[in-house]
Amino acid sequence: MTEFTLRLLNIIRNIPYGKVVTYGRVADIAGNPRAARQVVWVLKIYSDKYELPWYRIINSKGRISLKEGQGFELQKALLEEEGIIVEDDGSINLRRYLWSGVF
DNA sequence: AACCTGACTTCGG
DNA sequence: TCCGAAGCCAGGT
């Protein structure tokens with residue numbers, strides 16, 4: 001895999017418990033703010049293999065992107081287990097839970 | 001090399 | 001606030 005993809009993996013692995021971050025932000029930290037779709041690809045391919053905290057990543061609107069019946073419920077539950085308040089429509093208060101990317 | 005895919009993002013209307 | 005279009009990435013075929 002590419003250097004960039006490797007950076008994405010490391011960043012994803014470091015998202016703190018109880019925090020969320022957007023796809024675009026992850027890509028941004030890795031060096032390319034326009035590679036949000038690559039983040040999605042990485043999650044699809046490596047979530048299981050590397051036990052990535054995939055559920056801590058949401059879209060730029062501050063909402064869960066997965067659709068009902070296709071992971072939405074699971075992601076919502078996992079986030080709530082970490083103390084994050086998730087509205088019924090999947091929206092999350094970014095001002096409160098967004099991870100800046102700074103360790 | 002062309003074309004497709006995916007849990008995206010931004011911009012306009 | 002809700003679409004639709006266009007732009008973008010790397011990998012797989």
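Every heavy atom of this structure was used, including side-chain atoms; hydrogens, water molecules and symmetry mates were not. In the text below, chain A, chain B and the rest are named by the order of the sequence lines, each starting its count at 1.
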Could you tell me the separation between the [atom1] atom of [X] and the [atom2] atom of [N], rounded to a whole number of Å?
| X | N | atom1 | atom2 | answer |
| --- | --- | --- | --- | --- |
| A:I12 | B:dC8 | CD1 | C1' | 13 Å |
| A:L74 | B:dA7 | CG | C1' | 12 Å |
| A:N59 | C:dC2 | CG | C1' | 14 Å |
| A:K67 | B:dC8 | NZ | P | 9 Å |
| A:K61 | B:dC8 | NZ | P | 8 Å |
| A:E73 | B:dA7 | CD | P | 15 Å |
| A:Y23 | C:dG7 | OH | C1' | 19 Å |
| A:W41 | B:dC4 | CH2 | P | 19 Å |

Is there side-chain contact between A:L79 and A:Y97, with at least one heavy-atom pair below 4.5 Å?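 No. Closest side-chain heavy atoms not under 4.5 Å.
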Min side-chain heavy-atom separation A:T22-A:D28 under 4.5 Å: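 A side-chain contact under 4.5 Å is absent here.
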Determine whether the side chains of A:N10 and A:R13 contain a donor N or O and an acceptor N or O closer than 3.5 Å. yes
Would you mind telling me which residue lines up with the more 5' stretch of DNA chain B, A:G24 or A:Q38, judged by nearest nucleotide?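 Of the two residues, A:Q38 wins.
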A:R37 or A:P33, whichever maps to the more 5' nucleotide of DNA chain B: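 Final value for this comparison: A:R37.
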Kindly compute the distance separating CD1 (A:I58) from CD1 (A:I92), expressed to the nearest 0.5 Å.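 Here the interatomic distance stands at 4.0 Å.
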What is the distance from atom OG of A:S60 to atom CZ of A:R25, rounded to the nearest 0.5 Å?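 Atom-to-atom, A:S60:OG and A:R25:CZ are 13.5 Å apart.
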On a whole-Å scale, what distance lies between the C1' atoms belonging to B:dA7 and C:dT13?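 It works out to 22 Å between them.
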Which is more 5' along DNA chain C, the nucleotide nearest A:F4 or the one nearest A:R63? Just name the residue.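 Residue closer to the 5' terminus by nearest nucleotide: A:R63.
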Does A:K44 put a side-chain nitrogen or oxygen below 4.0 Å from OP1 or OP2 of B:dT5?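 Looking at the OP1 and OP2 atoms of B:dT5, neither is under 4.0 Å from any side-chain N or O of A:K44.
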Would you say A:S60 places a side-chain N or O within less than 4.0 Å of OP1 or OP2 belonging to B:dT9? yes
Please tell me which of the listed nucleotides, B:dT9, C:dA10, B:dA7, lies nearest to the side chain of A:T22?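 For A:T22, the side-chain atoms sit closest to B:dT9.
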